[in-house]
Number of protein chains: 2
Amino acid sequence: MKHGISPDTFPPRSHEAKRVSVVGAAASVFCREGYAGANIDLIAAEAGVSRQTVYNHHGDKEKLFVAVVRDLTERCNAGIFATIATFPDQPGNLEADLIAFAVRMNRNCICNRDGRFLRKLIQAEGERYPELFADWREQGPGRTWSALAARFARLAFAGHLSIGDPDVAARQFQALVNAELQITFMLGGTPTEEEVLRSATNGVRTFLSAFARKRQPAGKQPVLAHA
Amino acid sequence: MKHGISPDTFPPRSHEAKRVSVVGAAASVFCREGYAGANIDLIAAEAGVSRQTVYNHHGDKEKLFVAVVRDLTERCNAGIFATIATFPDQPGNLEADLIAFAVRMNRNCICNRDGRFLRKLIQAEGERYPELFADWREQGPGRTWSALAARFARLAFAGHLSIGDPDVAARQFQALVNAELQITFMLGGTPTEEEVLRSATNGVRTFLSAFARKRQPAGKQPVLAHA
DNA sequence: ACAAATTTAGACACACTTGTCCAATTCGTC
DNA sequence: GACGAATTGGACAAGTGTGTCTAAATTTGT
């Protein structure tokens with residue numbers, strides 16, 4: 001059964017496939033039940049492997065937890081940076097472009113599986129494993145905020161916005177755009193596409209009301225006059 | 001020892017005092033360790049009572065957890081409404097008054113012991129006990145948001161602000177004022193007085209930039225020109 | 001098809017936790 | 001000082017979870 005085209009992708013497939021399957025199931029169970037409440041047997045069952053395989057691959061409950069956090073952190077950061085790369089540097093319609101960007105950010109980074117899981121793990125276990133989340137804090141918020149701030153600074157430099165401190169503006173943008181999703185996030189739920197769009201729309205409009213450039217060529221004001 | 005003035009407050013003191021002591025210790029341990037990780041022996045030790053006393057008073061781990069949540073919800077809501085009562089209806093200096101209000105809200109409701117504990121319990125166990133947090137959601141966010149929105153509506157009606165939807169404005173006010181505290185909140189920390197003040201100041205300034213009334217008597221613009 | 005590595009199911013020891021029971025002690029009240 | 005209620009510390013059974021071990025079954029590479 002080694003003739004070129006085999007239905008299973010690769011020789012070392014099952015092994016690696018099981019590893020990621022275990023990490024995925026572990027993320028789900030750790031988030032649902034908390035670290036203390038998580039049960040290795042349940043993780044193994046949910047991953048479709050035996051308990052012994054879990055121990056063979058990751059050795060320990062705590063090591064498995066660390067692997068889960070590292071995995072989530074890595075994928076979440078990648079997603080956030082990929083989305084920041086789609087920031088509208090030369091906006092046609094500033095309001096519409098920023099709303100679309102905010103929706104992308106929410107859908108691909110904040111509300112997706114990895115984002116919700118990582119957020120919950122940080123909230124639940126962040127105090128108990130401070131050193132574990134240190135590199136999340138450095139490479140996550142530490143880098144993404146300034147990356148986003150740089151994009152807003154460029155937008156201001158190009159004359160589309162009037163911003164005092166780009167770091168503050170970036171954080172306030174995020175806060176405004178998620179303002180109406182806080183309670184849903186708190187309870188671990190996933191907001192509907194419509195809720196995301198409405199929160200983003202309201203947030204971007206307020207953001208632009210506050211940061212629209214003060215002096216602009218006559219007759220070329222950005223379109224904000226909906227509400 | 002029942003003569004009017006006794007050093008210990010009341011006849012039925014020890015009994016009730018122990019009850020609240022247990023609930024307080026339980027809140028602390030449930031938050032630190034999660035429901036599954038919380039240990040009755042540890043709660044008893046932290047409350048300074050024996051394990052049997054915990055069972056005598058609350059009967060069950062789950063009943064104790066419910067008592068903790070009810071207690072926290074009640075006190076938090078009381079604090080929030082008491083603070084909303086101090087909303088500046090007739091502001092002398094709108095910016096300064098709103099900043100002071102935001103700082104009060106943070107210090108007395110969001111960052112204090114009860115606020116942090118309740119938030120963490122909701123985030124950690126909200127999915128697993130949906131019915132338990134139902135009345136929190138109704139009487140907590142459900143009422144406090146509209147109470148705050150009503151205050152902003154009055155402020156707009158009196159001509160101090162130009163607001164489209166008061167509910168949206170109230171949520172965005174909260175989001176802006178806490179924008180720079182999100183990461184600290186996530187990790188369960190307590191921001192410093194200075195961080196609270198800075199976040200509130202930046203948030204209120206942006207809020208007023210967005211919602212300052214559009215037409216105002218000449219020469220009476222609110223003071224926003226710091227940054 | 002064969003040999004090596006991996007996976008599996010089950011049993012197992014060990015530790016921990018919950019909730020109960022009970023005798024001894026302490027506390028509040030008269 | 002004495003009575004009754006509450007509290008304490010400890011022992012206890014039952015259940016659960018972690019991590020290890022083993023022999024059998026399966027999969028993988030050659």
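First the proteins, then the strands, lettered A, B, ... as listed; each starts at 1.
- Following rounding to the nearest Å, B:H58 (NE2) and C:dT18 (P) show an atom-to-atom distance of 15 Å.
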Worked verdict on B:Y129 versus B:F65 for ring pair (Phe, Tyr, Trp, His ring centres under 6.0 Å): CA-CA 11 Å; B:Y129 303 90; B:F65 182 72; 5.5 Å; yes
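- Spacing between atom CD1 of B:I40 and atom P of C:dT20 amounts to 11 Å, rounded to whole angstrom units.
- The nearest whole Å value for the distance from the OH atom in A:Y55 to the C1' atom in D:dG19 is 5 Å.
- Atom CG of B:N112 is separated from atom OG1 of B:T190 by 9.5 Å, given to the nearest 0.5 angstrom.
- Side-chain N or O atoms of B:S199 include none that pairs as donor or acceptor with a backbone N or O of B:E195 at under 3.5 Å.
- A distance-only check finds a donor-acceptor pair linking the side chain of B:R104 to the backbone of B:T86 [under 3.5 Å].
- Atom CZ in A:F65 sits about 14 Å away from atom P in D:dT18, given to the nearest Å.
- Note on ring orientation: taking the six-membered ring where Trp is involved, the planes of B:F30 and B:Y35 are parallel (angle under 30°, cut-offs 30° and 60°).
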Protein-to-nucleotide contact annotation, 5' to 3' order, nucleotides 7-13 of chain C [B base; S sugar-phosphate only; - none; under 4.0 Å, heavy atom]: SB--B--
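- In this structure, A:F207 and A:F152 have tilted ring planes: the angle between them lies in the 30° to 60° band.
- Heavy-atom distances under 4.0 Å link DNA chain C to no residue of residues 28-36 of chain A.
- Counted within 6.0 Å of CZ on A:R113, heavy atoms from surrounding residues, nucleotides or ligands total more than 12; the atom is thus considered enclosed.
- As a whole-Å value, the separation of B:D41 CG from D:dG10 C1' is 11 Å.
- We find that CG of B:N39 is positioned 11 Å from P of C:dG19, with the value rounded to whole Å.
- The minimum heavy-atom distance between A:R137 and B:I183, with the atom names listed, is NE-CG2, 3.9 Å.
- The aromatic rings of B:H57 and B:H15 lie tilted to each other, with the angle between the two planes from 30° to 60°.
- In this structure, CD1 of B:I43 is placed 12 Å from C1' of C:dT18, rounded to the nearest angstrom.
- Atom CG of B:L64 and atom C1' of C:dG19 are 13 Å apart (whole Å).
- Backbone-only engagement by A:A38 is indicated by non-hydrogen atom pairs under 4.0 Å involving sugar-phosphate atoms exclusively.
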